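Here the structure is laid out as structure tokens; the discussion comes afterwards.
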Amino acid sequence: MYIAISSWSLRDHVNKDFPLSQMAKFVKDKYGVSAVELCSMDFRNMDAAYLDEIKKGLEEAQAKVVNMPVDTGNISNRDEQKRKFDLKVIKLWMDVAKYIGSPSIRVNTGMQEPPYDLSITAASYKELAEYGEKIGVKVLLENHGGLSADPDNIVRLFEEVNSPYFRSCPDFGNFAPDIRYEGLRKIVKYAELAHAKTYDLDENGEVPEFDFKKCLDILKENGFDGCLSVEFEGQGDQYEGVQKTIELIKKYW
């Protein structure tokens, strides 16, 4: 297991206290972590000159980017024209990932009005996975609302797409409380990377909303030994929240 830090965890500081291109240096100096997850929302643009700044920052910090969460488009849209346009945009983000050295991007399932037609979503992921295989970038599905709020939908998508370039990104915090642990157990076998989500931690350094240790145990019991990306989503100090989340991971892993 190794730890990365998501730019989402430092959302009030990225491109303010330091540019995205210097995030890798910042987290390495502050936390001793040499891996980052760069969210698409934090990129100022997508041209080569800007992306070269990102690459240079990673190289100078001797760090790597592990994933790029991309929040754009609706790959489940029943409108074929709109869906195809969004897929083109997502493929461009996959090209960005390839350019800066990210092995994967996270692509949301999107939304439909019920009754759901998962075949549309599966076809979209299959198209993206096939493109990913050509360029060497994996597509990750996170339990992130919409169709992915139901772990059984996620399992069906993995069964239908059936590609090594289509993997999961389990998030500790995103399933509804009554299915959190069951849901994680169902999707962890497809995991490429996991989001170690925390909120404001209590006086004991624990997450009051759920059992953080149990989430880690579910990963370990299923043989996961990859990257845990810190996603602090609390309302409090983000620098402190990241540090406490790192400490919590090290306490229980």
Side-chain angles (χ1 to χ4, degrees), residues 1-15 17-43 50-71 93-94 96-107 132 135-142 144 165 167-174 188 190-198 212 215-216 219-220 223-234 238-253:
M1 182 277 294
Y2 67 97
I3 294 172
I5 296 175
S6 170
S7 61
W8 174 248
S9 296
L10 301 174
R11 55 200 169 276
D12 291 341
H13 304 287
V14 176
N15 293 323
D17 295 356
F18 51 85
L20 185 65
S21 61
Q22 292 300 303
M23 179 180 162
K25 181 182 187 304
F26 179 86
V27 301
K28 189 170 187 178
D29 290 346
K30 188 171 182 64
Y31 303 110
V33 172
S34 299
V36 292
E37 190 178 21
L38 303 181
C39 298
S40 64
M41 67 182 71
D42 294 316
F43 284 71
Y50 178 72
L51 297 181
D52 283 342
E53 293 178 20
I54 303 290
K55 289 174 66 176
K56 183 180 179 182
L58 290 163
E59 290 164 3
E60 290 180 344
Q62 295 184 306
K64 63 181 179 179
V65 55
V66 296
N67 184 48
M68 287 172 46
V70 173
D71 291 290
W93 277 109
M94 294 174 73
V96 170
K98 177 67 175 180
Y99 192 88
I100 68 170
S102 176
S104 61
I105 75 166
R106 187 265 279 137
V107 177
I135 67 171
V137 173
K138 294 182 180 180
V139 176
L140 307 187
L141 186 168
E142 177 183 356
H144 201 221
Y165 279 81
R167 307 293 293 166
S168 73
C169 175
D171 184 293
F172 293 178
N174 288 350
V188 68
Y190 308 104
E192 183 78 12
L193 170 146
H195 281 166
K197 173 75 60 64
T198 58
F212 190 87
C215 294
L216 289 178
L219 296 183
K220 288 192 284 185
F224 178 84
D225 194 29
C227 177
L228 288 175
S229 183
V230 171
E231 268 203 349
F232 174 70
E233 203 167 288
Q238 291 165 11
Y239 290 137
E240 181 181 1
V242 168
Q243 181 62 49
K244 288 184 175 180
T245 303
I246 292 171
E247 292 169 0
L248 197 58
I249 291 171
K250 291 180 176 179
K251 178 181 179 180
Y252 290 126
W253 189 269

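As a basis for the values below, the full set of heavy atoms in this structure was taken, side chains included, without hydrogen atoms, waters or symmetry mates. Fair warning: this is a prediction, and the values are worked out from it, not measured in the lab.
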Might you point out which heavy atoms bring [X] and [Y] nearest each other, and give the distance in Å?
X      : Y      : answer
Ala97  : Val137 : CB-CG1, 4.2 Å
Gly57  : Ala24  : O-CB, 4.4 Å
Ser104 : Ser102 : O-OG, 2.8 Å

Is there a side-chain contact between [X] and [Y] in this structure, where contact means two heavy atoms from C-beta onward sitting under 4.5 Å apart?
X      : Y     : result
Trp8   : Pro69 : no
Val66  : Tyr2  : yes
Phe26  : Asp17 : no
Val139 : Met94 : yes
Ser34  : Gln62 : no
Ile100 : Met68 : yes
Val36  : Leu58 : yes
Met23  : Ser7  : yes

For the pair [X] (side chain) and [Y] (backbone), establish whether a donor and an acceptor sit closer than 3.5 Å, ignoring hydrogens and angles.
X      : Y      : value
Gln238 : Asp12  : yes
Asn67  : Glu37  : no
Asp71  : Met41  : no
Ser9   : Val230 : yes
Ser168 : Ala191 : yes
Arg106 : Val70  : yes

Would you give the length of the straight line joining atom [atom1] of [X] to atom [atom2] of [Y], rounded to the nearest 0.5 angstrom?
X      : Y      : atom1 : atom2 : value
Lys98  : Ile105 : NZ    : CD1   : 13.5 Å
Asp42  : Asn15  : CG    : CG    : 6.0 Å
Cys215 : Leu228 : SG    : CG    : 11.0 Å
Ser21  : Asp52  : OG    : CG    : 11.5 Å
Lys56  : Lys25  : NZ    : NZ    : 13.0 Å
Phe172 : Thr198 : CZ    : OG1   : 10.0 Å

>> For a salt bridge (charged side-chain N to carboxylate O under 4.0 Å, His left out) check, start with the C-alpha distance between Lys55 and Glu59, then their side-chain angles and the critical distance, and finish with the verdict.
In response: CA-CA 6 Å; Lys55 289 174 66 176; Glu59 290 164 3; 5.4 Å; no
> Within 45° of the six-membered ring axis of Phe212 and under 6.0 Å from that ring's centre, is NZ or CZ of Lys251 located there?
Replying inline: no
> On the ring face of Tyr239, is Lys30 found with NZ or CZ under 6.0 Å from the centre and within 45° of the axis?
Replying inline: yes
> Are Phe18 and Leu10 close enough, and set up right, to give a side chain to side chain contact (heavy atoms under 4.5 Å, CB included), and what steps lead you there?
Replying inline: CA-CA 10 Å; Phe18 51 85; Leu10 301 174; 4.1 Å; yes
> Quick one: side chain to side chain donor-acceptor pair (under 3.5 Å) partners of Gln243, sequence neighbours excluded?
Replying inline: Glu247
>> Pair Leu20, Tyr50 - check side chain to side chain contact (heavy atoms under 4.5 Å, CB included), show working.
In response: CA-CA 10 Å; Leu20 185 65; Tyr50 178 72; 3.9 Å; yes
> Does the side chain to side chain contact (heavy atoms under 4.5 Å, CB included) test come out yes or no for Ile246 and Ile5, once each step is laid out?
Replying inline: CA-CA 9 Å; Ile246 292 171; Ile5 296 175; 4.1 Å; yes
>> Set out, in order, the CA-CA distance, both residues' side-chain angles and the distance that settles side chain to side chain contact (heavy atoms under 4.5 Å, CB included) for Ile3 and Trp253, then state yes or no.
In response: CA-CA 11 Å; Ile3 294 172; Trp253 189 269; over 6 Å; no
> Within a reach of under 6.0 Å around NZ of Lys28, are more than 12 heavy atoms found that belong to other residues, nucleotides or ligands?
Replying inline: yes
